[in-house]
Structures are given as structure tokens and as C-alpha cells.
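Note: hydrogens, waters and symmetry copies are ignored here, and every other heavy atom, side chains too, is used. Throughout, protein chains are lettered first and strands after them, A, B, ... in sequence-line order, and every chain is numbered starting at 1. Bear in mind the structure is a predicted one, so any value in this text is a computation, not a measurement.
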Amino acid sequence: MTAVFLGIPTAPRGVGHLRGDESFPDAARNSLQNGQLRANLGHATSTIRGKRAAVVGEVADWAELREAGRAIKAATMARLDEHLIALEEQVTARGGTVHWARDANEANAIVTRLVQATGTDEVVKVKSMATQEIGLNEALEAAGIAAHETDLAELIVQLGEDKPSHILVPAIHKNRAEIREIFLRTMPGVDPELTDEPRHLAMAARAHLRERFLRARVAISGANFAVAETGTLAVVESEGNGRMCLTLPQTLITVMGIEKVVPTWRDLEVFLQLLPRSSTGERMNPYTSLWAGVTPGDGPQEFHLVLVDNGRTAVLADEVGREALHCIRCSACLNVCPVYERAGGHAYGSVYPGPIGAVLSPQLTGVQDNASLPYASSLCGACYDVCPVAIDIPSILVHLRAEHVEAQTRTTPEAVAFRALSKAMSSPRLWRLAQRAAGLGRFLARGRPTLPAALPPPASKWTRTRDLPTPPAETFTQAWAREHGG
Amino acid sequence: MTAREDILGRIRTALGPDRRVPAEISRDYRLTDDRSPDDLLDVLTDRLEDYKATVVRCGPADVAPTMARALRTALGEHAPADVVVAPGVPAAWRPDGAVEDDGRPAVDLAAYAAAVAGVSVAIAETGTLVLDGSALSGRRALSLLPDCLVCVVEAHQVVSGVPEGLARLDPTAPLTMISGPSATSDIELQRVEGVHGPRTLVVVLVA
């Protein structure tokens, strides 16, 4: 059963950041030519892979935690409506206000209205995938409200007028020298002697943002988890920028995808073990803030929770694809993906890059709008192995490829070729003929192990990106017949 | 139709008439630990030091002098009134001349060099201290704005793992889980301690 058939809308076009300007292969071709980008990504992803492997390796019950994480998410989705209603009830009972947004446009309008009601024209922001997805900063800017990103990597991206390229570390594509250059160019009053030592760069960010935190009246955050039975929201972070935003302003607006709800308080005992080790490769992240509604005398006295659909219910309608909604945004799958490591996050065109992005973005937008992403994978399965909630990303990729092929109305040369192959493979006589014909490829190969890449079009579309092995001198059936007197 | 009804309706449509609700979640992971309390203190110390926090141990009668020494190491020579304590911190723990948080505007707490707070629970396995917004832990801004945070942990507050820790907490309290000084991995995924939160974390372990 698909969302289209059921009439459930996907994320609308013209707002937010789920669609790229070009297809993955075109964008990847450009980024592959950027040697600096490849060096930066190779260095960063290998560092984090090592750290993650070490801290996951020391947890004796990792497999059990992973299975519990998967099961909790599956159980959550099966009763998503009930959990959201319970969450709303709890948040409201503790002094918060819950808003529902069908899509990015509605969510942006709600947040803009809430900020305007406070009379301020600037907000501080905690890093949040949901607000990036819906293009909230652009919407606020259009309404004359300045949104200051406070996470270090988000700040680097915002100051550099760049785009995020990683879920956890949006500026992973920049190295320390490039970050120093951005700070020197864009930070008012920055020390001109600033070095590219990471500690000094972090101190520059601290100085730059300190005064903004102290004067901020409104903060906007995302949420890692929201507990239905207690109304507790959770934000997991490292730098303390999150705590500043969640604690100091008078008004807090939290924007959250509806799939982030978990049923019980106890469920956090699983996710707070799985997430930090998978994400930054730490036993625990430096700061986790948990709050329920409003606490008199401590923190924001006005709290709004915006629940966003924006295509998530369309994903939920797909029995195979809905597992993508289990994602806890750790980014472990990005860090192990050979395709991500080489192509980089920008090539995916969406705020959700890497393997999880390749299954999530096309489902949120409808596969026709991100048709190249399900193919942006070699199906090696490393993403599935590291996923802390065991999302079977390779199977969803294959599922989406099938959906894309079935939606084709024009017959492609590839489809014709596979139809012919299917016919040949269903008939022993035709198959033997085909094998004999394939043997001719040995002449083209001239003794090399693979055929030349430069076959004439349309075959070149295939061979440009794939090595076609030279056919063997003898097929398996011929060898069998020779040795066993067939 | 409101957005709320619309979204709930979409969810019901997406899940269809016969939902497959999975069986009970099997929680086969570790819920408790058979290590001795002394071993847990060692694990907690090891984890905290790994995060570049400073851990000092002392007996129940020596908290104030131990803390004074730790503050001198962390801050250098400083005025006694540069230190602010949460209102519920016992008198016996308070460094001489420290100021009690009197509920002034939260941003004013940034003027102090150090803050002193008690914790609600400490999780050994992950090196995590949990502050719960009580009088002992103080409000959230107290443990955030001064550049040096001193937390006093008593042995009976130390549990082995995350499940035991969360079971002791009130989910509706404003909770802050602290694992080391503030840090970032945003530059080349290399960890650097000290960004917006306190750059120095001192833990006084009372055992």
C-alpha cells in the first residue's frame, strides 16, 4: 500500500531542504573532483569510525540494546496516534502548548507567529534537523527575524553561507584551516592572531556567542526524544549551546518530527546508551537536557511544542519503508558508507545525506522527486551493521528502486535489456546461445580482466560506472559437462 | 478539519485497519550490575577523568577543605564571593565566603567564577552526573553559566548504569545529565573540551 494510493501527501515542493538541484550522480561527479573535500571527509570519517568501534566494543550487551531499540521504535510506530495524543496531554498538563503542523509551510508559519508574538526580531537556535528540513531560518528571515545558529558546526556553515553536509557535524567537509579563514572573515571583533588549533577556534565561537545567549528572549530547538507518558522532552548535545538556549530565554519553541515520540520514560534507558556511542563515539555526550513543560523559577516560562508531519505519515504508509522513521539521527551510517565518504553530503541534495538520507528523503518527498537517491549505494550493508536501531537500509533501498522502476511510464534501454535477459534466463536454449555470444566479449577485452569502459551509447551509460568482467573461456555448465560427462 | 485531526487521520490511514502491534519489548540488556560499590567509585572516577574532569576524594568531614583546595587549583587565587552555591548545599560543604544563589535573574550568574552543586544520581559506567533542579542541585542556569562547576557526589548516589540511574529520577523535573566539561567534536571530529558550558568540571567524591 503506498501513500499516493491512500491519498497521504508527501513533503511539499518549494519549501525546505529535502530536494537537490541536480541528481546524485551529477552532484557526486562534481564533488569527487574536489580533492580537499575528499581528504577532509576521509580524515574525519576514519577518526569517528575508530572511536565508535572502540566504545561500542566495550558494551557487552550491545546486541540486546540494539534489538530493544528496534523493537521500541516498531512498537511506537504501530500506535503513533495514541502516543502523540498522550504526549500532547502531558505537555499541556505541565504548562506547555502543543501545535500541529501538516507540513513545512504550516510549521514555519506557526513558529514565525509565535516569535512575532513575543515582540523580538532575533532568536537563538539549537542544532535541529527538523528545522533545517523545513527551511525555518529562511522563513524567519523573510519575516524579518534573525535566527542565530549556536552549534559550532552550524555556526561555521551559517557564517560561511554554506550548506550542511552531515547530520551530526554539518561542517565535516571543512578542515581547521578553512574554518579559521571563515571565522577571520566573518566574526566581528575576532582576534586576528586566531590559529587553526581546534581549541582556539572553539574559544572564538564561545566569545562570539556568549553575549547573544545572555540577551536572547526566544530560543528554538529540535528534540531527540519526547516521552509520551510523562511529556518529557530530551535534547542531547555536547557544547552547552543547547543548555544555554533551553535555559536562559523566556520563551522556548521546540520543533519536532512526529516520529520522535517514545512511549515510556524507561525507553530512554535504551536510547541514551545507543545514541552517544553511535554518534560521537563517546560513552555519554557531555550534556543531555530533559524537561517537561514549564518549571516555575527555572528556565523558560513559556514553552511551545510544534509537531511536524511533512511527509512522515506518507513514509508510515509503506510497510517496508516505514522503518526509516526509526532513525535516531546518530549518523553512524554516514561515517561507514563508502559512497558518502567519497561523494560527501552535499551530493545527496537533502539535509539527510548518506545511507539513511537515501531511504528517508525519497520517501518524504515521493520517490519521483529524489529518484536517483535509492541508487546512491553499492548495497554493501555496512550501514545496517552499525545502525543502533537495526534499520535494514539496503532492503529499503532495493524496495525503493523497485518502486521507482514500476513508476516509469517510458521504456528505457536498460528495461529493454533486462527484459531480454529475463527471457534468455528462462530458456536453457536461449541462455546457452547468449553465453556463446557473451564469449565474444573476450575479443574486446584482449586479455584484460575487465571489458573496456568506453562501449558505444547507450551501453556506455552502464559501463561508465561499472566494471564488466571479461567472460571466462569456459562457462560453468561447459566445465561441468566436461568433467562429469554431462 | 484541524491540522491535528488531519495528521491523526493520516496516521490511522497509513497504519490501516488491522495494525500489527508487536509483542512486549524484550529488555534482555543489563539492568543491574554486581560490581561492589567501591569498584563503581573507581569506574566513575576513571570515566570522569577520561572526559578531562578533575576528581578528588575525601571523607564526609573533609568536604569543605577539599573543595577549597580544588577551587584554588582550578581558579587560582580568587575572592571567596566569586563562588556561588545552590541553596540546598549543606553548610558543611560550603567554601568560606561563598554566596548562595538567591534567585536573581539567571544571566547574572555569569558573573561568578565557580558554582557548587550537589547531584541527584551519578552513573559510573558513563561518567554521568545528573542534576535535578532541586535545592541541592540548584536551578539549571547555576550549573551552566560560571566557567567552573564543582559537583559533590556521595557514594550512595552512585549507580552502575543508565537504566539504574534513570529509575531513580523524576521524569517531570528539569534534569541535566553532565558527562565531563562542555566539549565539541565539530572540527575534524576531534574532541576538544570547553565550549559554552563550564570549561572546568571538578567532582568531589565523598566516600
Side-chain angles (χ1 to χ4, degrees), chain A residues 6 8 43-44 47-48 61 64-65 68 71-72 74-75 78 80-81 94 100-102 106 152-153 169 171 175-176 179 198-199 201-202 206 214 227 230 232 238-241 243-244 247-248 265 268-269 272-273 280 283-292 295 297-299 309 313 316-317, chain B residues 2-4 6-8 10-16 19-22 25-30 47 51 103 106-107 110 123 125-128 133 139-141 144 162-163 166-167 171-192 194-198:
Chain A
L6 293 168
I8 301 176
H43 171 67
T47 305
I48 193 68
D61 55 346
E64 289 79 11
L65 284 167
I72 292 168
L80 187 58
D81 48 348
R94 302 186 199 293
W100 300 70
R102 294 178 185 90
E106 243 176 38
L152 178 52
V169 192
N175 65 24
R176 57 185 74 188
I179 294 166
R199 171 171 298 278
L201 295 169
R206 176 183 169 102
L214 297 181
V227 181
T230 58
T232 313
S238 297
E239 297 167 13
N241 64 306
R243 293 185 64 195
M244 292 279 182
T247 310
L248 297 180
W265 170 250
L268 292 185
E269 73 189 20
L272 290 180
Q273 294 191 73
T280 49
R283 295 187 175 108
M284 189 60 89
N285 51 291
Y287 297 131
T288 296
S289 294
L290 300 144
W291 74 97
T295 309
D298 188 347
D309 180 350
T313 46
L316 190 67
Chain B
T2 65
R4 180 182 187 276
D6 224 359
I7 293 169
L8 291 173
R10 289 175 188 176
I11 293 170
R12 287 164 193 149
T13 307
L15 291 172
R19 301 180 183 195
R20 276 178 303 163
V21 176
I25 313 288
S26 60
R27 297 180 191 267
D28 301 331
Y29 48 87
R30 281 177 302 170
R47 301 303 192 245
Y51 296 139
V107 294
I123 303 170
E125 194 59 63
T126 58
T128 304
R139 53 181 164 156
R140 286 173 284 177
L144 174 64
V162 175
L166 292 194
T172 64
L175 300 171
T176 306
M177 302 175 71
I178 298 177
S179 307
S182 85
T184 182
S185 302
D186 279 356
I187 299 165
E188 300 179 6
L189 275 164
Q190 184 185 318
R191 183 176 158 115
V192 176
V195 198
H196 303 294

Determine the minimum heavy-atom distance between [X] and [Y], stating which atoms define it.
X: A:Arg102; Y: B:Ala3; value: NH2-N, 3.3 Å
X: A:Val169; Y: B:Asp186; value: CG1-O, 3.5 Å
X: A:Asp298; Y: B:Gly133; value: OD2-CA, 4.3 Å
X: B:Arg10; Y: A:Ile8; value: O-CD1, 3.6 Å
X: A:Ala75; Y: B:Ile25; value: CB-CD1, 3.9 Å
X: A:Tyr287; Y: B:Gly197; value: OH-CA, 3.7 Å

Is there side-chain contact between [X] and [Y], with at least one heavy-atom pair below 4.5 Å?
X: A:Met284; Y: B:Arg47; value: no
X: B:Asp28; Y: A:Asp61; value: no
X: B:Ile187; Y: A:Leu152; value: yes

Problem set entry | Which atoms of B:Thr184 approach chain A - backbone, side chain, both or neither, heavy atom under 4.5 Å |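 Contact with chain A involves both backbone and side-chain atoms of B:Thr184.
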
For this session: Please look at B:Pro181 and chain A and tell me whether the side chain, the backbone, both or neither of the residue comes under 4.5 angstrom of a heavy atom of that chain.
Result: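 Backbone of B:Pro181 only, per the 4.5 Å heavy-atom cut-off to chain A.
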
As an exercise: rank [options] by heavy-atom pairs under 4.5 Å with chain B and give me the winner.
options: A:Glu106, A:Arg199, A:Arg176; value: A:Arg176
options: A:Ser238, A:Gly297, A:Ser289, A:Ala292; value: A:Ser238
options: A:Thr47, A:Val227, A:Thr232; value: A:Thr232
options: A:Glu64, A:Met244, A:Glu239; value: A:Glu239
options: A:Ala68, A:Pro198, A:Ala101, A:Ala74; value: A:Pro198
options: A:Pro286, A:Gly240, A:Ala78; value: A:Pro286

Exercise. Can you check side chain to side chain contact (heavy atoms under 4.5 Å, CB included) on A:Leu316 and B:Ile11, steps first, answer last?
Worked result: CA-CA 7 Å; A:Leu316 190 67; B:Ile11 293 170; 3.8 Å; yes

[X] (side chain) donor-acceptor with [Y] (main chain) under 3.5 angstrom:
X: A:Arg243; Y: B:Ala141; value: no
X: A:Asn175; Y: B:Glu188; value: no
X: A:Trp100; Y: B:Leu8; value: no
X: A:Arg283; Y: B:Glu125; value: no

Using 0.5 Å steps for rounding, measure from the [atom1] atom of [X] to the [atom2] atom of [Y].
X: B:Arg19; Y: A:Leu80; atom1: CZ; atom2: CG; answer: 8.5 Å
X: A:Thr295; Y: B:Arg139; atom1: OG1; atom2: CZ; answer: 13.0 Å
X: B:Ser26; Y: A:Ile72; atom1: OG; atom2: CD1; answer: 9.5 Å
X: A:Leu272; Y: B:Leu166; atom1: CG; atom2: CG; answer: 6.0 Å
X: A:Asp81; Y: B:Arg12; atom1: CG; atom2: CZ; answer: 4.5 Å
X: B:Leu144; Y: A:Leu248; atom1: CG; atom2: CG; answer: 6.0 Å

Exercise. Which answer fits A:Ile179, side chain, backbone, both or neither, if we ask what part of it has an atom under 4.5 Å from a heavy atom of chain B?
Worked result: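 Contact with chain B: side chain only.
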
Exercise. Residues in side-chain hydrogen bond (donor to acceptor under 3.5 Å, both in side chains) with B:Arg27, at least two apart?
Worked result: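 Per chain and number, B:Arg27 pairs via side-chain hydrogen bond (donor to acceptor under 3.5 Å, both in side chains) with A:Asp267, B:Tyr29.
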
Exercise. Who passes side-chain hydrogen bond (donor to acceptor under 3.5 Å, both in side chains) against A:Gln273, sequence neighbours left out?
Worked result: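 Expected list: none.
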
Exercise. Taking every heavy-atom pair that is under 4.5 Å apart, which of B:Ile123, B:Thr2, B:Leu15 has the most such pairs with chain A?
Worked result: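 Result: the option with the highest number of such pairs is B:Leu15.
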
Exercise. For the candidates B:Ala106, B:Pro163, B:Gly103, B:Gly180, which exhibits the highest count of non-hydrogen atom pairs separated by less than 4.5 Å from chain A?
Worked result: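 Heavy-atom pair counts peak at B:Pro163.
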
Exercise. Under the side chain to side chain contact (heavy atoms under 4.5 Å, CB included) criterion, do B:Leu175 and A:Trp291 qualify, and how do the steps go?
Worked result: CA-CA 6 Å; B:Leu175 300 171; A:Trp291 74 97; over 6 Å; no

